[in-house]
Amino acid sequence: MNGIPMEHGLMLAAILFTLGLAGLMLRRSMLFVLMSLEIMLNATGLAFIVGSTAWNQPDGQAMFLLVITLAAAEASVGLALMIQLYQRFHSLKLDNVSRMRG
Amino acid sequence: MELAFYLSGLVAVLATVGVITGTSPVHSVVYLIVSLIAVALVFFALGAPFAGALEIIIYAGAIMVLFVFVVMMLNLRADEERSPLWRQPIYWVGPSLLALALLAALVALIASGGVEKAIDGELITARGIGLTLFGPWLMVVELSALLLLAALVTASHVGRRNDPGHSPASRHAPDRGDTP
């Protein structure tokens with residue numbers, strides 16, 4: 001058994017990141033935009049973990065902890081904004097907010 | 001180990017496709033939970049059990065439960081964004097081509113990197129991560145504490161419930177302290 005090549009782990013992270021980016025461009029509902037951001041952050045964390053285990057260094061996993069912290073902060077603020085959006089417009093479509101000026 | 005890695009990676013990709021193509025919000029959230037658990041299995045297969053446990057506890061356990069709570073609280077319907085123009089190819093061909101171009105560039109870069117590293121599943125324990133975090137990375141831990149505090153204040157200020165009796169036009173009345 002000679003292990004998993006590092007490129008395969010990085011390619012999995014790249015595929016997940018690209019799927020998240022496609023979802024971010026495709027969907028107009030704020031819930032799906034937030035979920036796509038979570039997918040992209042998760043793919044970034046996967047890339048950190050792959051690098052950490054390929055070099056047998058714990059720094060990548062410490063960085064993954066920080067990525068998780070950032071994702072939690074982003075999700076809480078984003079969901080609070082989403083609740084405000086739904087209370088004011090009774091919809092989650094982000095196109096409704098595009099007429100906001102100043 | 002290889003079988004677990006490739007199998008759970010395939011599950012993660014398929015569940016993520018289910019997330020971005022779904023129409024029901026609850027189904028998409030559950031697909032995202034499946035995707036996160038599959039990524040946690042990838043972490044276990046790579047030899048990072050602490051990161052896998054954190055992925056399940058924090059991501060799938062805390063963040064996604066927050067998503068589920070908000071979806072339940074807002075009482076979203078399945079056809080919230082099923083507008084007829086979203087199904088037309090002109091709306092999804094462009095973003096998909098852009099994303100595919102980015103993926104091709106990333107894969108070409110990774111394949112031509114020539115790192116020649118193999119992951120043999122050697123465990124990195126929580127002890128090593130803790131020594132790294134609270135040794136040379138201590139300032140970063142303090143900064144992340146500041147970030148979490150700022151997120152807490154922002155979420156509790158932005159996410160407070162408005163008075164339902166007020167119309168949106170009269171919301172600029174003095175509302176500094178009228179949260180019930």
Side-chain angles (χ1 to χ4, degrees), chain A residues 1-12 14-16 18-23 25-29 31-32 34-36 38-39 42 46 49-50 52-56 58-59 61-62 64-66 68-73 75-77 79-84 86-88 91-93, chain B residues 2 5 9 12-13 16-17 19-20 25 28 32 36 39 42-43 46-48 50-51 54 58-59 62-63 66-67 70-71 74 76 80-81 92 95-96 98-99 102-103 106-107 110-111 113 115 117-122 124 128-129 132-133 137 140 144 147-148 151 154-155 158-159 162 168:
Chain A
M1 187 175 87
N2 48 6
I4 305 162
M6 184 191 173
E7 285 85 0
H8 291 182
L10 286 181
M11 280 180 192
L12 176 62
I15 291 171
L16 287 178
T18 316
L19 279 174
L21 182 65
M25 291 190 288
L26 215 57
R27 306 306 292 260
R28 290 273 67 87
S29 168
L31 178 74
F32 285 91
L34 283 178
M35 283 198 292
S36 302
E38 293 294 324
I39 292 169
N42 193 33
L46 175 62
I49 293 292
V50 168
S52 160
T53 51
W55 271 278
N56 278 325
D59 297 68
Q61 303 201 15
F64 173 72
L65 264 171
L66 301 176
I68 275 193
T69 310
L70 180 67
S76 58
V77 174
L79 287 172
L81 283 173
M82 192 173 97
I83 290 173
Q84 284 292 321
Y86 193 77
Q87 282 183 355
R88 294 186 186 205
S91 166
L92 285 185
K93 290 180 186 171
Chain B
E2 286 91 351
F5 173 78
V13 171
T16 309
V17 171
V19 171
I20 65 172
S28 288
L32 186 49
L36 292 176
V39 172
V42 168
F43 289 168
L46 287 177
F50 184 59
L54 278 183
I58 299 181
Y59 249 123
I63 299 180
L66 200 63
F67 270 86
V70 170
V71 168
L74 296 185
L76 298 176
E80 174 68 28
E81 75 162 39
W92 56 265
S96 303
L98 286 177
L102 179 68
L103 178 64
L106 280 175
V107 166
I110 291 169
V115 184
K117 284 266 184 190
I119 300 169
D120 49 1
E122 191 172 336
I124 296 177
I129 304 166
T132 306
L133 266 182
W137 287 50
V140 188
S144 66
L147 172 72
L148 282 179
T154 310
V158 174
N162 293 322

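Lettering of chains follows the sequences in order, A, B, ..., and the numbering in each one begins at 1. Just so it is clear, the model here is predicted, and its values are computed rather than measured. FYI, side chains are in, hydrogens and waters are out, and symmetry mates aren't considered; it's all heavy atoms of this structure.
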Query - Among the listed options Asp59(A), Leu34(A), Ile39(A), Ile15(A), the residue most often paired with chain B at heavy-atom distances under 4.5 Å - result: Asp59(A)
Query - Minimal non-hydrogen separation, Phe32(A) against Pro25(B), with atom names - result: CZ-CA, 4.3 Å
Report summary line: From the list Asn56(A), Asn42(A), Leu19(A), Leu12(A), the residue making the most non-hydrogen contacts under 4.5 Å with chain B is Asn42(A)
Report task. Nearest 0.5 Å please: distance from the CZ atom of Phe50(B) over to the CG atom of Leu65(A). Result -> 5.5 Å
Report summary line: One option among Met25(A), Met6(A), Glu7(A), Gln61(A) has the most heavy-atom pairs under 4.5 Å with chain B, and it is Gln61(A)
Query raised in the report: Rounded to the nearest 0.5 Å, how far does CG of Leu36(B) lie from CD of Glu38(A)?
Result: 8.0 Å
Requested in this report: Could you tell me which portion of Phe67(B) (side chain, backbone, both or neither) has an atom closer than 4.5 angstrom to a non-hydrogen atom of chain A?
Outcome: both
Query raised in the report: Say you draw a straight line from CG of Leu46(B) to OG1 of Thr53(A); how long is it, rounded to the nearest 0.5 Å?
Result: 4.5 Å
Report summary line: Smallest heavy-atom separation, Glu2(B) atom then Ile4(A) atom, equals CG-CG1, 3.9 Å
Query raised in the report: What part of Val107(B) gets closer than 4.5 Å to chain A, counting heavy atoms only: side chain, backbone, both or neither?
Result: both
Query - Residue among Leu32(B), Val42(B), Leu102(B), Leu98(B) with most heavy-atom pairs under 4.5 Å to chain A - result: Leu32(B)
Query - Contact class of Leu10(A) relative to chain B, heavy atoms under 4.5 angstrom - result: both
Query - Residue among Val39(B), Val19(B), Leu103(B), Val13(B) with most heavy-atom pairs under 4.5 Å to chain A - result: Leu103(B)
Report task. Please report the closest heavy-atom contact between Leu147(B) and Ala73(A), naming both atoms and the distance. Result -> CG-CB, 4.2 Å
**Report entry** Closest heavy-atom pair and its distance - Ala71(A), Tyr59(B)
**Finding:** CB-OH, 3.3 Å
**Report entry** Proximity breakdown for Leu74(B) and chain A, heavy-atom pairs closer than 4.5 Å
**Finding:** both
Report task. Starting at CE of Met11(A), measure out to CD1 of Ile110(B) and round the result to the nearest 0.5 Å. Result -> 6.0 Å
Query raised in the report: Among Ala54(A), Ser52(A), Ala22(A), which residue forms the greatest number of heavy-atom pairs with chain B at distances under 4.5 Å?
Result: Ala54(A)
Report task. For chain B, find which of Thr18(A), Leu21(A), Leu16(A) contributes the most heavy-atom pairs closer than 4.5 angstrom. Result -> Thr18(A)
Query raised in the report: Who wins among Thr69(A), Leu79(A), Ile83(A), Leu46(A) for the most heavy-atom pairs under 4.5 Å with chain B?
Result: Leu79(A)
Report summary line: Ranked by heavy-atom pairs below 4.5 Å to chain A, first place among Gly159(B), Ala51(B), Ala111(B) goes to Ala51(B)
Query raised in the report: If every non-hydrogen atom of Ser76(A) is compared with every non-hydrogen atom of Leu66(B), which pair is closest and at what distance?
Result: CA-CD2, 4.3 Å
Report summary line: Sorted by chain and number, sequence neighbours left out, side chain to side chain contact (heavy atoms under 4.5 Å, CB included) with Ser96(B) holds for Trp92(B)
Query raised in the report: How far does CD1 of Ile124(B) sit from CH2 of Trp55(A), to the nearest 0.5 angstrom?
Result: 12.0 Å
Query - Segment of Leu148(B) engaging chain A (4.5 angstrom heavy-atom cut-off) - result: side chain
Query - Results of side chain to side chain contact (heavy atoms under 4.5 Å, CB included) for Ala72(A) - residues two or more places apart only - result: Ile63(B)
Query - Region of Leu54(B) in contact with chain A, defined by heavy-atom distances below 4.5 Å - result: both
Query raised in the report: Which distance, rounded to the nearest 0.5 Å, do you find between the OG of Ser36(A) and the CD1 of Ile20(B)?
Result: 7.0 Å
Query - Region of Ser144(B) that comes under 4.5 Å of a non-hydrogen atom in chain A - result: both
**Report entry** Validation row: Val158(B), Val77(A) side chains within 4.5 angstrom (heavy atoms)
**Finding:** no
**Report entry** When Val71(B), Val70(B), Val17(B) are compared by non-hydrogen pairs under 4.5 Å with chain A, the top option
**Finding:** Val70(B)
**Report entry** Verdict with reasoning, Trp137(B) to Leu66(A), per side-chain contact (heavy atoms from CB on, under 4.5 Å)
**Finding:** CA-CA 11 Å; Trp137(B) 287 50; Leu66(A) 301 176; 3.8 Å; yes
Query raised in the report: Most heavy-atom pairs under 4.5 angstrom with chain A, which of Ile129(B), Ile58(B), Thr132(B)?
Result: Ile129(B)
Query raised in the report: Heavy-atom distance under 4.5 Å to chain A: side chain of Leu106(B), backbone, both or neither?
Result: side chain
